[in-house]
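Structure incoming, see below.
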Amino acid sequence: MSDNCPVRVRIAPSPTGDPHVGTAYIALFNMVFARRHEGRFILRIEDTDQARSTLQSEEAIYRSLKWLGLTWDEGPDVGGEYGPYRQSERKETYLEYARRLIESGHAYHCFCDDERVNRVRAEQRDLTGVGRYDGHCRAIALDEARARVAAGEQSVVRLKMPQDGETVLDCPLRGPIAYPNSQQNDQVLLKTDGFPTYHLANVVDDHLMEITHVIRAEEWIPSTPKHLVLYRSFGWRPPTFIHMPILRNRDRSKISKRRNPTSLDYYRRAGILPEAMVNFLANLGYSFGDDIEKFTLAEFIEGFAIERVSLGGPVFDLDKLDWLNGLYLRDLSHEDLLDRVMTEVLSRERLAKIVPLIRERIVRLEEFVPKTEYFFSGALDYDPALLVHKKLTREQVQGALAGAVERLDSVLDWRAETLEETLREFAAEVGIKAGPLFMGVRVAVTGRTASPGLFETMEVLGRPICLFRVRDALRKLTESNGKDTAPSDRPG
RNA sequence: GGCCCGUUAGUCUAGUCGGUUAGGACGCUGGCCUCUCAAGCCGGUAUCACGGGUUCGAGUCCCGUACGGGCUACCA
């Protein structure tokens, strides 16, 4: 590729929510690129969004990437010479660089409140098509601004975008992309809470960590000009930017958890082998051009050429994942397969959690397997009509389940008590009785109308599978809509 | 609305400098194998988004259109 300096790439996930397949996808390509060029692969945690970042999510990222066999050379957990690798621990650094920008006239304090900013943005949008801040506070003299800040007035720091000229992003895959500077917003760099936005933090860190290539998702293309302006303002040489396509749902929208399982935890729980997942991810947007689709991570690294990445947004096709997974499964020796089953499905640990729930509901040992089947399976097969409690309408159940998913999705502490509290609260809020709501959730989660205590069951089942099943129930309900009473016509 | 990216079958993709019966895979489907079902093997299915150019010749080059997607935050 470009020059002699050693390749250094990074993945910079923000620790919010479940570990995402998109994170794994970008991590994979970064890691493979680094290994191919004998460079370094860095994991940096972008937790500048204090409201949404959690340590739990951060740990899930490590766990999931390790599960996939992706490894990094530097990161918060393994250290390195360019640390700290967690942005919340670099706050002072960003403050310092923001200060430099202000002093050199490339940024300024802005005291406008939300109301004004929103109003101006809307006005600008109607007027020019580009909704951006009008630069009102640029006019404030630095001395005055400092005095106001010192006096405790709330402010943010904004980038002073050049008013004319253009910024060109030169992507090795897509060619040059030119943006007129006049279109760009005076982006906020430092928030009122003193934390940087992604824009400042990623530029400062990428520079300080000597990142040579930024391989990230396509959704970042439009903000790259701002980053380039930042590099220029600091007098730094920008890295090479390479934008990967984004993964899509079946309907071709950007992949989302509402339309497709996105949590790596789900795939693990669903019995996808990590080597199959990695291979599958590699096939999305990449091929060697030799008709060989099944290859190991090592082979991928050995033959990888970034120029061969294709740009069309690939649909995350579960059928093909399953096919590949089957191939890998059959490659395993009996012994290895048995090991996987014992650790991933029938682990003593999992069985130990099920036993207390089922002991009072069986009289013969032989009942254990048939009565606990749903603890070990993935998608469930049942009559969607079961989801609808007698006292509710189908629409009510649909609404209730949809609401319940949202609530459940935010439950990080996946324990029976928390779950019960959450769903009872939800039932009260939307004004439906707990019983009928719980029945819907029970059927969604177990496929049956009779089960051990709902919340204990959900706790044992685990978050990924429960979330998947409730969403799946919603889908079943929607798809079966209208055809429950009408006996279908027989053609011919 | 504005800006940007993308476009080979239902899906993932191959197709260097223009000349291919447009290749492979998933899916679906027919068959073989077989006590069944899988797996495996053999076969079938459907595509260059559209319209103009350039050219003897265009999936490949140019222009336009359409469609899909992304971004437009004190989220990343």
Self-check item: Whole-Å distance separating the CD atom of A:Q187 from the C1' atom of B:A76
Solution: 11 Å
Quiz item: How far, in whole Å, is B:C12 from B:C3 if one measures between their P atoms?
Solution: 28 Å
Exercise. Scan A:R268, A:R269, A:R63, A:R463 and name whichever one has a salt bridge (charged side-chain N to carboxylate O under 4.0 Å, His left out) with A:D18.
Key: A:R463
Quiz prompt | P gap between B:C41 and B:A25, integer Å | solution = 10 Å
Quiz item: Given the side-chain rings of A:F316 and A:F280, with only the six-membered ring counted for Trp, is the space between their centroids under 6.0 Å?
Solution: yes
Quiz item: Which part of the nucleic acid, if any, lies within contact of A:R174, taking any heavy atom under 4.0 Å across all strands shown: a base, the sugar-phosphate backbone alone, or nothing?
Solution: sugar-phosphate
Quiz item: OP1 or OP2 of B:C12 less than 4.0 angstrom from a side-chain nitrogen or oxygen of A:R252, does that happen here?
Solution: yes
Quiz item: Rounding to a whole Å, what distance do you find between A:D322:CG and B:A38:P?
Solution: 15 Å
Self-check item: Minimum-distance nucleotide to A:D317 side chain [options: B:C26, B:A76, B:G24]
Solution: B:C26
Quiz item: Out of B:A14, B:G2, B:G27, which nucleotide sits closest to the side chain of A:D319?
Solution: B:G27
Quiz item: Is there a side-chain polar atom (N or O) of A:T192 under 4.0 Å from OP1 or OP2 of B:C74?
Solution: no
Quiz item: Which nucleotide in the list B:A76, B:C74, B:G2 gets nearest to the side chain of A:D114?
Solution: B:C74
Quiz prompt | P atoms of B:G52 and B:A46, separation to the nearest Å | solution = 25 Å
Quiz item: Is it the case that A:K226 places NZ or CZ above or below the six-membered ring of A:Y179, under 6.0 angstrom from the centre and within 45 degrees of the axis?
Solution: no
Quiz item: Contact class for A:V315 vs. all strands (heavy atom < 4.0 Å): base, sugar-phosphate, or nothing?
Solution: sugar-phosphate
Exercise. Would you mind classifying the nucleic acid contact of A:G326 as base, sugar-phosphate or nothing, using non-hydrogen atoms under 4.0 angstrom?
Key: nothing
Quiz item: Rounding to a whole Å, what distance do you find between A:N185:CG and B:C74:C1'?
Solution: 11 Å
Quiz item: Which nucleotide, in any strand shown, forms a Watson-Crick or G-U wobble pair with B:C71, with both distances under 3.5 Å?
Solution: B:G2
Quiz item: On a whole-Å scale, what distance lies between the C1' atoms belonging to B:U11 and B:G1?
Solution: 33 Å
Quiz item: Can a side chain N or O of A:R330 be found less than 4.0 Å away from OP1 or OP2 on B:G40?
Solution: yes
Quiz item: Is A:S253 touching bases, backbone alone, or none of the nucleic acid, heavy atoms closer than 4.0 Å?
Solution: sugar-phosphate
Exercise. Tell me, please, whether A:Y133 has A:R121 positioned over its six-membered ring: NZ or CZ under 6.0 Å from the ring centre and within 45 degrees of its axis?
Key: no
Quiz item: If we call it a pair only when both distances are under 3.5 Å in a Watson-Crick or G-U wobble match, what pairs with B:C41?
Solution: B:G31
Quiz prompt | P-based separation of B:C50 from B:U7 [nearest Å] | solution = 14 Å
Self-check item: Upstream residue (5' side of RNA chain B) when A:P314 and A:A178 are each assigned their closest nucleotide
Solution: A:A178
Self-check item: Nearest-angstrom distance, C1' atom, B:C42 to B:C33
Solution: 11 Å
Quiz item: Rounded to whole angstroms, how far apart are NZ on A:K320 and C1' on B:G27?
Solution: 10 Å
Exercise. Tell me the partner of B:A66, counting only Watson-Crick (N1-N3 plus N6-O4 or O6-N4) or G-U wobble (N1-O2 and O6-N3) with both under 3.5 Å; none if nothing fits.
Key: B:U7
Self-check item: Nucleotide B:C3, atom P - distance to CD of A:E218 in whole Å
Solution: 18 Å
Exercise. Just compare B:G70, B:G69, B:C5 and give me whichever is closest to any side-chain atom of A:R248.
Key: B:G69
Practice problem: Using atom CZ of A:R116 as one end and atom P of B:C74 as the other, report the distance to the nearest whole Å. | Solution: 13 Å
Practice problem: Give one of base, sugar-phosphate or nothing for A:S310, where a contact means two heavy atoms less than 4.0 Å apart. | Solution: sugar-phosphate
Self-check item: Under 3.5 Å on both distances, the Watson-Crick or G-U partner of B:C61
Solution: B:G53
Quiz item: Quick one: is B:A73 close enough that its OP1 or OP2 comes under 4.0 Å of any side-chain N or O from A:R121?
Solution: yes
Quiz prompt | Closest to side chain of A:I246, choosing from B:C5, B:G69, B:A73 | solution = B:G69
Quiz prompt | Centroid-centroid under 6.0 Å between A:Y62 and A:W67 rings | solution = no
Practice problem: Indicate, with a heavy-atom threshold strictly under 4.0 Å, whether A:E46 touches base, sugar-phosphate, or nothing. | Solution: sugar-phosphate
Self-check item: Which residue lies more 5' along RNA chain B, comparing A:D291 with A:Y179 via nearest heavy atoms
Solution: A:Y179
Practice problem: Mind calculating the distance between CG (A:L247) and C1' (B:G68) to the nearest angstrom? | Solution: 16 Å
Exercise. Please state the P separation for the pair B:G27 and B:C63 - nearest whole angstrom.
Key: 40 Å
Quiz item: Is the A:Y25 to A:Y286 ring centre distance short of 6.0 Å?
Solution: no
Quiz item: Hey, does A:T48 reach any base, or is it just sugar-phosphate, or nothing, if we go heavy atoms under 4.0 Å?
Solution: sugar-phosphate
Self-check item: More than 12 heavy atoms of other groups within 6.0 Å of A:D381 CG
Solution: no
Quiz item: In whole Å, what separates the P atom of B:G23 from that of B:U47?
Solution: 12 Å
Quiz item: Among the nucleotides B:A76, B:G2, B:U13, which one has an atom lying closest to any side-chain atom of A:H199?
Solution: B:A76
Quiz item: Under 4.0 Å between a side-chain N/O of A:K254 and OP1 or OP2 of B:C71, yes or no?
Solution: yes
Self-check item: Under 4.0 angstrom between A:T197 side-chain N/O and B:A76 OP1 or OP2
Solution: no
Quiz item: Atom CG of A:L311 to atom P of B:C12: distance rounded to whole Å?
Solution: 14 Å
Quiz prompt | A:S287 side-chain N/O to A:N283 backbone N/O, donor-acceptor pair under 3.5 Å | solution = no
Quiz item: Quick one: is B:A76 close enough that its OP1 or OP2 comes under 4.0 Å of any side-chain N or O from A:K191?
Solution: yes
Exercise. Kindly state whether the ring of A:F33 and the ring of A:H37 have centres lying under 6.0 angstrom apart.
Key: yes
Quiz item: Does any nucleotide pair with B:U16 by Watson-Crick or G-U wobble geometry, both distances under 3.5 Å, and what is it?
Solution: none
Exercise. Have a look at A:R308 and say if it touches a base, only the backbone sugar-phosphate, or nothing, with a 4.0 Å heavy-atom cut-off.
Key: sugar-phosphate
Quiz item: Choosing from B:A76, B:C26, B:C71, which nucleotide comes nearest the side chain of A:W323?
Solution: B:C26
